[in-house]
Protein chains: 2
Amino acid sequence: MVGIKEVAKAAGVSISTVSNVLNEKKNVGEETRERILNICKEMGYYPNSVGKTLKTGKSNTIVFNFSDFDRSFYLKIINGISDYVNDNDFDLIICTDKSSEKYMRSNLSSGSIILDKNMKDDTLIKIAGENYPIVVLDRILDNPYIKSVVVNNYDPMSELIQGVIDRGYRHFGFVGGPEQTADNKERYKAFRDVLEANRINFQQKSYFAGDYREKSGYTAAKILLLSQELPDCLVCANDNMAIGAIKAFRDNGIRVPGDIAVTGFDNCDLAEPMGLTTVSIPNYERGYIAARYLIENIRGKRNVEPFKISAKIIWRNSVSEKKSK
Amino acid sequence: MVGIKEVAKAAGVSISTVSNVLNEKKNVGEETRERILNICKEMGYYPNSVGKTLKTGKSNTIVFNFSDFDRSFYLKIINGISDYVNDNDFDLIICTDKSSEKYMRSNLSSGSIILDKNMKDDTLIKIAGENYPIVVLDRILDNPYIKSVVVNNYDPMSELIQGVIDRGYRHFGFVGGPEQTADNKERYKAFRDVLEANRINFQQKSYFAGDYREKSGYTAAKILLLSQELPDCLVCANDNMAIGAIKAFRDNGIRVPGDIAVTGFDNCDLAEPMGLTTVSIPNYERGYIAARYLIENIRGKRNVEPFKISAKIIWRNSVSEKKSK
DNA sequence: TTGTAAGCGTTATCAA
DNA sequence: TTGATAACGCTTACAA
């Protein structure tokens, strides 16, 4: 590996002069500057960022961490982050597991965006600080150095359920996601609140605990099929599970929405071709905004007010006007 | 930041003793060991990997680089890489642009997997070396330190086209991807070869240059619609473009496959619900295999023979038996 | 069993 | 305009 030292020797100057050239300081003669630059090119010198980081303690790098590979919209979030980061001359390290911690500490990065549910609140609170702001997606954390960027799940879910009721549906089933997650709680609460406001009864036996994966939706629907009577409408806390449910219904000769309506949440790529009524979340923008707040916080513009992103309902044919009102 | 030095001071020992404890060397007294470990915990010590990397020149980290956010199957590749890497106690840094180079050089990483088409062959050849093996996906590079992991496009594409011909189709259109990419070339070549073997004529005007994105397929189909006569079958170099084409046809009242058959390549998430006949590539496995070869090469088991992954055809209803044989 | 000191590649301070 | 030198956090001979 050719370093600053080799270049210095080849040029017959000191390492500090080379460093000054590389960092575009003006305290170096034009002739020397050019000569050194040429030598760097000839020798194929490339700066070693580890040495630099160790010395300066700064990195202009942020970390994005996630872990669920089933959700293809994550790529859109990454796209938004990546674009903002590039436009602002930062670098981006994406990590898929707890080895993230390695890059978050050890000033290899100046801040991070956290999406991975496995990353514990406690850990984040420990890591965040004056010189290390964090942006969390899909959870709210009350900490002076952590900004939350969350989707407003409550309003669109309320509106969705009210819309379904207005179309004549009265008997509901619900497939929930991981129970501890904030977004699942919020979606479920909106569902229950609207039912209650409409004096519609909901029994706990019509609740199915899933994990946001397609398979759990499939399973929930299969279980549902064993019960005496099908609800009119199965509300799912996300699209993957809704799609799983639709597949289970179709596999068993149950028509959607003829025999049962189904709703999702996310507007994933499959929602449109499947005709799934769902809630569309602006994912690219979500990533972009998260990156923006993070970098602004890194630059000292402190702002940790939780930010709510709004989402909108997309009606498709998995819910129709109910005949027998 | 609390470092080894602070811990040493708090424990009243030297930094090397702390280092020895942290690295589980046996040359340290049991009592001291425990005391130091406790102090580390109390003070919230976390090792700074930058210092370590700089000193040792080793990192146990690999880089994966990509840049196209439209292809949701990239997540599956990442999933495969991530799993193998975790199982082998390596860390993974994912990069989305040429800032990748920063992490590839500067011994922050010990090797990398390259998917990004924007990463130039020359650059890779410059970076790869005795101590820095590279695995490239979807391109062949002849270099003693670079292993190619590519999909066998030719065979399944040949088989696909022959199958389409056997079903009675005779007039073809082709929507190609970026012309310089190896996979596009191979897919197109298979297409032409099979046509020729069957003495079926193909005119250049039936070739449309796309870029693997849905929109370019949509555009190609729109242009096609302007021509005098539609082919029986539009072969697309990937699914995204095929889906774009199908949408364009549907938007214009052309039935698929009634008026025109369509084929894709990739078996993306949408292919199944859209009923698209296509070629399925085992993406998770692709990532897993790439990671495996990379880490084996890092560990000294040198192997840079190009590796071909086979793919298989999935017949769906975007191609049917043609009535008017 | 523990400590001293050099060194990884870089930047920064200060002196020449 | 340039060069010596210390320092960043850590590992590792080698000495005590």
Side-chain angles (χ1 to χ4, degrees), chain A residues 1-37 39-40 43-61 101-110 131-132, chain B residues 1-37 39-40 43-61 101-110 131-132:
Chain A
M1 162 166 285
V2 29
I4 215 178
K5 207 192 284 184
E6 284 73 27
V7 174
K9 185 178 287 178
V13 298
S14 74
I15 58 167
S16 29
T17 300
V18 178
S19 174
N20 285 329
V21 169
L22 261 22
N23 291 290
E24 289 164 326
K25 307 269 193 229
K26 52 286 222 59
N27 60 349
V28 48
E30 179 58 19
E31 188 270 336
T32 341
R33 211 183 67 83
E34 287 200 354
R35 192 161 48 88
I36 292 179
L37 250 22
I39 294 182
C40 284
M43 301 182 71
Y45 169 80
Y46 194 93
N48 181 326
S49 59
V50 173
K52 180 167 184 161
T53 303
L54 182 58
K55 177 62 187 162
T56 62
K58 287 273 116 237
S59 64
N60 267 27
T61 296
E101 229 177 304
K102 170 171 158 186
Y103 302 108
M104 297 175 67
R105 310 183 100 133
S106 78
N107 59 22
L108 242 176
S109 62
S110 318
N131 289 306
Y132 201 90
Chain B
M1 159 166 288
V2 28
I4 214 179
K5 206 193 285 182
E6 284 74 25
V7 174
K9 185 178 287 177
V13 299
S14 76
I15 57 168
S16 39
T17 300
V18 177
S19 174
N20 284 330
V21 169
L22 262 21
N23 290 293
E24 289 163 330
K25 307 269 192 227
K26 52 285 225 61
N27 61 348
V28 48
E30 181 58 20
E31 187 270 337
T32 342
R33 211 184 65 83
E34 287 202 354
R35 192 161 48 89
I36 291 179
L37 250 22
I39 294 183
C40 282
M43 299 181 74
Y45 170 80
Y46 194 93
N48 182 328
S49 60
V50 173
K52 181 168 184 161
T53 303
L54 184 57
K55 176 62 187 166
T56 63
K58 289 270 118 238
S59 64
N60 267 26
T61 296
E101 228 178 305
K102 170 171 159 187
Y103 301 109
M104 297 175 69
R105 310 182 100 131
S106 78
N107 60 21
L108 239 178
S109 61
S110 319
N131 289 304
Y132 201 90

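So you know, we letter chains A, B, ... as the sequences are listed, proteins then strands, and number each from 1.
- Using modelled atom types and a 3.5 Å distance limit, the side chains of A:Tyr103 and B:Ser49 yield no donor-acceptor pair.
- Atom P of nucleotide C:dG7 and atom CG of A:Asn48 are separated by 18 Å, given to the nearest angstrom.
- Across the protein-nucleic acid pair, B:Lys58 atom NZ and D:dT12 atom C1' stand 17 Å apart, rounded to whole Å.
- When the P atom of D:dT1 is taken as reference, atom CD of A:Glu31 falls 12 Å away, rounded to whole Å.
- Here the C1' atom of nucleotide D:dT2 and the CZ atom of A:Arg33 are 16 Å apart, to the nearest Å.
- Of the listed nucleotides (D:dT2, D:dC10, C:dT10), D:dT2 has the atom at the smallest distance from the side chain of A:Thr32.
- Comparing A:Pro47 and B:Glu30, the nucleotide of DNA chain C nearest to each residue sits closer to the 5' end for B:Glu30.
- At C:dT2, none of the side-chain N or O atoms of B:Lys25 fall inside 4.0 Å of OP1 or OP2 (strictly under the cut-off).
- B:Arg33 has a carboxylate O that lies under 4.0 Å from a charged side-chain N of B:Glu30, or vice versa, which qualifies the two as a salt bridge.
- One interatomic measurement links the two molecules: NZ of B:Lys5 to P of C:dG3, which rounds to 16 Å at whole-angstrom precision.
- Taking CG of A:Asn20 as the start and CD1 of A:Ile15 as the end, the distance is 10.5 Å to the nearest 0.5 Å.
- If you take CG of A:Asn23 and P of C:dA12, they are 7 Å apart, rounded to a whole angstrom.
- Nucleic acid contact for B:Asn107: none, since no nucleic acid atom lies under 4.0 Å from a heavy atom of the residue.
- Side chain of A:Asn48 to main chain of A:Val50: a donor-acceptor pair is present (N/O by atom type, distance under 3.5 Å, no hydrogens or angles).
- Rounded to whole Å, atom C1' of C:dG9 lies 7 Å from atom CD1 of A:Ile4.
- Looking at the side chain of B:Ser16, the nearest of the listed nucleotides D:dC8, D:dC10, C:dA5 is C:dA5.
- Within the nucleic acid shown, B:Gly29 comes within 4.0 Å of sugar-phosphate atoms alone, with no base atom in reach, counting heavy atoms only.
- When heavy atoms are screened at a 4.0 angstrom cut-off, B:Val50 is found touching no nucleic acid atom at all.
- The side chain of A:Tyr45 contributes an N or O atom lying less than 4.0 Å from OP1 or OP2 of C:dT10.
- Taking every side-chain heavy atom of B:Leu54 into account, C:dC8 is the closest of C:dT10, C:dC8, D:dC10.
- Nearest to the side-chain atoms of A:Asn27 among the listed nucleotides C:dT2, D:dC10, D:dT2 stands D:dT2.
- Shortest non-hydrogen contact noted between B:Val2 and B:Glu6 is C-OE1, 3.8 Å.
- Proximity note for B:Lys52 (side chain, C-beta onward) versus D:dC8, D:dC10, C:dG3: the nearest is D:dC10.
- Regarding contacts with the backbone of C:dG3, a side-chain N or O of B:Thr17 is found under 4.0 angstrom from either OP1 or OP2.
- Inter-residue side-chain proximity for A:Leu108 and B:Leu108 is flagged as met; some heavy-atom pair is nearer than 4.5 Å.
- Side-chain proximity of B:Lys55 to D:dG9, C:dT2, C:dA12: nearest is D:dG9.
- B:Gly3 comes within 4.0 angstrom of sugar-phosphate atoms only, judged by non-hydrogen atoms across all strands, and of no base.
- The CG-C1' distance, from B:Leu108 to C:dG9, rounds to 12 Å in whole Å.
- Among the nucleotides C:dG9, C:dA5, C:dT11, the one closest to the side chain of B:Ile15 is C:dA5.
- Positionally, the nearest nucleotide of DNA chain D for A:Thr56 lies more toward the 5' end than for the other of B:Asn20 and A:Thr56.
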